[in-house]
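This report refers to the structure that appears directly beneath it.
Atoms within each ligand, like the ligands themselves, are counted from 1 in listed order. Each residue takes its place number in the sequence, starting with 1.
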Amino acid sequence: MKPLIGITTNFMMAEKGLLSGQERYFLESDYVKAIENVGGTCILFPHTSDVESFVRYLDLVDGIVISGGIDINPMFYGDEPMEKTGYFNTKQDFFDVELTKKAIQSHVPILGLSRGIQIINVALGGTLYQDVSYMEKRALKHMQESKRSEKSHCISIEKDSKLYEIFGEEKIFVNSFHHQAIKDIGKGLKVSARASDGVIEAVELEGEDFVMGVQWNPEFMADEYEEQEGIFKKFVEMTVQSSR
Ligand SMILES: [Mn+2]
């Protein structure tokens with residue numbers, strides 16, 4: 001049987017027309033395609049504040065993907081919004097953070113992409129730069145304007161990491177669609193890649209089979225670059241092998 005991967009969704013509200021005010025859950029199809037291409041099958045998780053539902057969701061699946069999306073309410077890492085924080089949705093943040101905490105407790109394999117790496121960090125007590133311009137060092141352009149699969153900045157991968165097992169190289173180029181980044185690292189997390197300006201681009205949770213977050217969007221690159229597809233391949237493999 002194919003491994004079942006649960007993917008978190010985003011939220012939007014129709015602003016105009018007959019359906020104005022209509023709330024919707026959605027997900028870019030790239031995630032589903034990336035998982036299906038490496039032999040997994042997907043279900044999507046609507047947000048809920050019902051804790052019993054979290055447990056049911058996690059019972060169903062072999063692994064979860066925390067998808068990319070909007071900013072996180074700084075309240076979740078003990079901060080208040082600064083000028084450059086963007087749109088956030090507290091209900092979605094609560095769901096993503098609590099789901100991630102429960103998944104870690106139950107040793108469910110987790111792949112966090114873009115916003116997902118930030119969710120993993122916050123779930124483990126870490127904090128964020130609300131904008132990369134608030135870093136002490138001058139940051140690179142992390143919100144690229146070129147097409148979504150385009151390689152943008154370089155990252156350096158730690159040799160002693162799962163990420164290195166996947167790429168087999170210390171320097172690779174990734175796309176970049178984020179304006180926030182990890183500041184203080186969450187408990188138990190190990191940095192596995194950084195950009196040359198110091199921005200944390202990948203983390204792994206020590207002692208777990210597979211809890212990985214990457215700051216870029218491999219789901220937009222997987223079709224074009226086999227090595228980027230390798231992240232999904234490794235993740236889906238681990239969900240099969242997971243001893244949970
Ligand atoms: Mn970046």
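- With Asp131 as the partner, the side chain to side chain donor-acceptor pair (under 3.5 Å) test is satisfied by one option alone out of His179, His142, His178: His179.
- At least one cation-pi condition fails for Lys102 and Tyr57: the charged atom is not both under 6.0 angstrom from the six-membered ring centre and inside a 45 degree cone around its axis.
- Phe235 is listed as a side-chain neighbour of Thr239, based on a closest heavy-atom distance under 4.5 Å.
- Side-chain N or O atoms of Arg24 include none that pairs as donor or acceptor with a backbone N or O of Met12 at under 3.5 Å.
- Under the rule for a side chain to side chain contact (heavy atoms under 4.5 Å, CB included), the partners of Met82 that lie at least two apart in sequence or sit in another chain are Gln130, Tyr134.
- Glu150 CD to Phe177 CZ: the interatomic distance, rounded to the nearest 0.5 Å, is 9.0 Å.
- For the Mn ion (ligand 1), the neighbouring protein N/O/S atoms at less than 2.8 Å, given as residue and atom, are His142 ND1, His153 NE2, Ser176 OG, His178 NE2, Glu201 OE2.
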